[in-house]
Amino acid sequence: MKNTSPAHNGRHFLQIPGPTNVPDRVLQAIAMPTIDHRGPEFAALGQEVVAGMKRVFQTHDTVVIYPSSGTGAWEAALSNTLSPGDHVIMFETGHFATLWRQMAARLGLEVEFVPGDWRHGVDPAMIEEKLTADREHRLKAVCVVHNETSTGVTSRIAEIREAIDRAGHPALFMVDTISSLASIDYRHDEWKVDVTVGGSQKGLMLPPGLGFNAVSKKAMAAHKNARLPRSYWDWEAMLETGRTGFFPYTPATNLLFGLREALKMLLDEEGLPAVFHRHARHAEATRRAVAAWGLEVLCADPREHSNSLTAILVPDGFDADRLREIILESFDMSLGTGLGKMRGKVFRIGHLGHFNDLMLCGTLAGVEMGLHRAGIPHHAGGVTAAVTFLGSVLSDLVPAA
Ligand SMILES: *Cc1c(COP(=O)(O)O)cnc(C)c1O
């Protein structure tokens, strides 16, 4: 393509909340020659990435890896554990929760969809109330999106687990961590989650193309009696992978090379606690910039601020997509669009994955210049607020969760 703008030199800034920037060394790993997925070299790779993903999910349970987008891993979670007509409860936290609900309905499940305002996460007290009221245990599953990527709101999974336990309800607990995994602390075992759903293209710093399920023993038991039709997604065929390293059908071999490299970076070099802290720090710096601009973050509860992205409201009468267009044309930076009913009302800054202080400063500078060019009323000084924060020891003290 002809380079028509002076902005289109140097690196494009990909600051959407997934797919995220892929580290060069991960790209190089992916570029290795494809190997025989039935051969001995592959077995070691398969075992290594499954073991690594268990550490990322913080689980000793089974992990399965699909050549799929995150949506496939959603379907795997539901179709492996539930039967036609089963009742499940889901929560309207935003666009992704709405899509998961649509899928559940299409698969033949009866969904109780609790309405929400797209500015809050799931309320643990409300879950306790709903489950306590369900004395006959008609609800077979509680499905929550951990980090709602359309709104920048993170639900409190530990507290939701406690609420389910207080209600003494046996429902399966399923959590979508597609945009939180390897960015925001998440504990599959400690929080007794039955199925955790993940994807490759966000915190894991890979291109799109891998879907994950972490599966508890309770979910595996439910799988034995579950009658929704399943074939491609059936866990049964995948169970051996952790032990033998082999997959039942052709895996995404080269993405697994990339995953091995990304796991090395996340687990062995930086370490998950430092990864979580880095994301918390960048999220805090971003919110300080937004406050200094005099704009509003969509997430209404500070306990639920997302560490992987920030959704920002533009004032009434202004179009967030026009702002994004101006920023793309002028500064070659992609920001996340408003999804579903937030279209035109918000833009989203992705600050997850392979990302550092100076990339954040560049990102916020692009936004501040864009606000100016788009004529959106704001105060200058957002970048300064973020720079001041990042440059001070204060930023080292941000709690990781
Ligand atoms: C990105 C995302 C999805 C969808 O994943 P795909 O890979 O696009 O299928 C689902 N849920 C959440 C929370 C996401 O961020």
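Residue indices begin at 1 and follow the sequence shown. If you're wondering where the values come from, they're calculated on a predicted model, not measured in any experiment.
- Of the possible polar contacts, none joining the Glu136 side chain to the Arg138 backbone as a donor-acceptor pair under 3.5 Å is found.
- Counting non-hydrogen atoms of neighbouring residues, nucleotides and ligands closer than 6.0 angstrom, the CZ atom of Arg166 exceeds 12 such neighbours.
- Side chain to side chain, Ser179 and Asn147 meet the donor-acceptor criterion of an N or O pair below 3.5 Å.
- In this structure, Gln15 and Asn21 have side chains that are in contact, with non-hydrogen atoms separated by less than 4.5 Å.
- Within 6.0 Å of NZ in Lys341 there are more than 12 heavy atoms belonging to other residues, nucleotides or ligands.
- A side chain to side chain contact (heavy atoms under 4.5 Å, CB included) with Phe57 is found for exactly one of Lys54, Met53, Arg55, namely Met53.
- Residue-environment remark: CZ (Arg25) exceeds the threshold of 12 foreign heavy atoms within 6.0 Å.
- For Thr241 (side chain) and Met238 (main-chain N/O), a donor-acceptor pair under 3.5 Å exists by modelled atom type.
- Under the 30°/60° scheme for interplanar angles, the aromatic rings of Phe246 and Phe42 are found to lie parallel.
- More than 12 heavy atoms of other residues, nucleotides or ligands lie within 6.0 Å of CD in Glu269, so this atom counts as buried by the packing criterion.
- When the side-chain hydrogen bond (donor to acceptor under 3.5 Å, both in side chains) test is applied to His223, the partners found at least two apart in sequence or on another chain are Asn80, Arg230, Asp234.
- Side-chain rings of His279 and His351 stay apart, their centers remaining 6.0 Å or farther from each other.
- Side-chain N or O atoms of Ser155 include none that pairs as donor or acceptor with a backbone N or O of Ile157 at under 3.5 Å.
- For His37 and Phe247, the distance between ring centers is not under 6.0 angstrom.
- The environment of NE2 in His60 is sparse: at most 12 heavy-atom neighbours from other residues, nucleotides or ligands sit within 6.0 Å.
- For the residue pair His12/Asp332, the side-chain donor-acceptor check at 3.5 Å is satisfied.
- In this structure, Tyr186 has its ring center closer than 6.0 angstrom to the ring center of His146.
- More than 12 heavy atoms of other residues, nucleotides or ligands sit less than 6.0 Å from atom CE of Met126.
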